[in-house]
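A, B, ... follow the sequence lines: proteins, then strands. Residue 1 opens every chain.
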Amino acid sequence: MADYSIHVLEYCHVPKYHKSGVLYGAHNEGYVKLPYCYVLLRSADHVALVDVGYNDKDYGKHLGDKFGVENWRSPKVVLAELGLTPEDVDTVFVTHAHFDHFGNVEDFPNATFYIQRDEIEKWVWAMSLPDRLKWMMIAIDPGDVLRGVNLAAQGRLRTVEGSFENVLPGVDLHLASDSHTFGSMWVTVRNDGKAQSDDTWVLAGDLVYQFTNLENDGSIVGVDTMYTPVGLALGSQMNLLLATEAMMKQTGYENRRVIPIHEEGLADTFPCRITGEGLRISEICLADGADTFI
Amino acid sequence: MTIPASTIHKAECDVWDMPRADSMDRLHPQAGRDAVTDRYLAQIAPAYDLLARGLAQLSGVFLLALTRDGQGPGLHLDHPVYTVALDQMIEAREIIALTTAPAPARRHRDGLVALAARLSDAAQGMDRLPARSAAVDREAGTREVLRHLAAAQALLIATAEPDAGITPVDFDHACCSCAPIRAGQ
């Protein structure tokens with residue numbers, strides 16, 4: 001029995017991204033393609049997203065010109081491939097407050113948003129620090145925080161403190177404190193609805209960029225494979241590794257069940273297709289009776 | 001048709017200070033065009049950064065106050081960052097006041113003055129909220145703060161000069177940015 005269909009939906013990409021940003025210690029190892037994605041969870045009763053992408057209206061040209069971000073498409077275009085509109089989305093889980101995950105909330109007028117309170121509180125604190133500590137403020141858009149206020153005023157923003165079980169039936173939220181960001185969150189889907197699930201999927205946000213973070217060459221320390229954290233961490237690499245262990249434990253240590261959204265290699269693991277707009281849809285699993293979109 | 005007098009702006013109102021269509025490029029003082037403008041952009045950049053932070057701080061404190069559960073209905077502005085934000089806005093105003101804008105940058109500087117004023121209005125609105133006891137008053141006060149913050153955000157976008165490093169978001173080391181690609185580094 002599976003309650004949710006899960007799809008990873010690309011909405012733009014960077015053709016060449018430093019591998020060292022993806023994998024800690026991978027200096028001078030070239031570039032990888034980095035898709036930007038959000039994840040769709042769909043059940044008989046809910047349409048939910050994990051993250052919402054960024055707001056191309058304000059920054060699209062700047063990101064394209066300066067950073068090479070290509071082929072941005074709106075949620076309206078992306079979701080249409082699965083027969084949905086942004087208005088159909090009732091719930092959004094924001095894994096962290098970086099612009100490319102939290103920057104497009106306005107496109108989802110009927111959704112209630114969930115974010116870790118730590119993430120907001122510590123970002124606000126970081127904004128008060130002197131310039132020499134400005135590194136802690138990277139990738140945060142003041143406009144996104146303001147959009148969060150608008151959601152809060154409408155009663156559509158819930159701040160979460162730590163773990164939150166069954167935020168939707170069979171869906172749990174977990175905090176990875178001081179890891180990729182101050183209050184990064186991962187989303188666990190127990191797709192059979194059981195407390196001790198045999199069908200668990202973990203949507204990792206940026207706690208894991210690629211499958212290599214879960215299974216990297218461990219010969220340097222005398223083991224076959226080992227976890228290796230992402231290259232970019234505002235908190236600590238140790239906390240990233242501990243979060244990785246917690247996520248893997250939830251899946252019974254089955255790598256393919258921890259879903260990294262910036263992983264181009266999802267295509268090698270799950271059914272997928274490229275849309276007419278040149279965007280990849282990866283089908284992680286299907287709910288009972290649901291039709292494939294591949 | 002009778003037009004209510006209150007809808008007509010007075011002659012001295014700055015709403016009439018609109019740029020000519022053929023001078024729109026002068027709204028943005030371009031970096032690298034002349035030394036005076038470059039000096040202005042370098043001097044004003046810290047003020048812009050402080051105002052951007054002020055917007056994020058006020059928005060963040062307001063968000064935290066609005067989503068605080070089980071702490072009573074009032075707005076709690078006891079967050080230390082609220083005080084920091086007020087101090088930084090004062091610092092921004094001082095920088096702006098000390099910065100002389102060359103002709104191509106005057107409207108840009110005016111925009112920053114307006115931005116600082118909007119943030120100040122938002123802070124004052126937040127300050128008044130706890131005294132509003134009726135729910136309907138609080139809702140009106142909340143909307144007022146949101147209007148000021150939204151206007152400030154619009155001005156922040158309008159006065160951004162990315163080529164001069166004046167931008168509300170530092171994307172250079174963002175988790176998913178790829179800064180060196182286009183720069184050829």
Exercise. Given side chains that start at C-beta, do those of B:Arg53 and A:Ser128 come closer than 4.5 Å, heavy atoms only?
Worked result: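 They are not in side-chain contact.
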- Item | Residue pair B:Thr67 / A:Arg117, side-chain heavy-atom distance below 4.5 Å |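 Yes, side chains in contact.
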Heavy atoms of other groups near [X] [atom1], more than 12 under 6.0 Å:
X	atom1	answer
A:Tyr24	OH	no
A:Glu165	CD	no
A:Gln154	CD	yes

Shortest non-hydrogen contact between [X] and [Y], atoms and distance:
X	Y	result
A:Ala153	B:Leu146	CB-CD1, 3.5 Å
B:Leu63	A:Gly148	CD1-C, 3.6 Å
B:Leu66	A:Ala152	CB-CB, 4.0 Å
B:Gln57	A:Met127	NE2-O, 2.7 Å

Which atoms of B:Gln88 are under 4.5 Å from chain A, going by heavy atoms: the side chain, the backbone, both sets, or neither?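 For B:Gln88, the contact with chain A is made by the side chain alone.
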Part of B:Asp87 within contact of chain A (heavy atom distance under 4.5 Å) =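 Neither part.
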Q.
If you count heavy-atom pairs within less than 4.5 Å of chain A, which of B:Asp49, B:Leu55, B:Thr142 leads?
A.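 The option with the most such pairs is B:Asp49.
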(Q) Donor-acceptor pair, distance only, cut-off 3.5 Å: does the side chain of A:Glu121 make one with the backbone of B:Leu64? (A)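 Flag not set: sc A:Glu121 to bb B:Leu64 has no pair under 3.5 Å.
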| field | Interchain contact, A:Leu129 with chain B, by part (heavy-atom threshold 4.5 Å) | value |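 Contact with chain B: backbone only.
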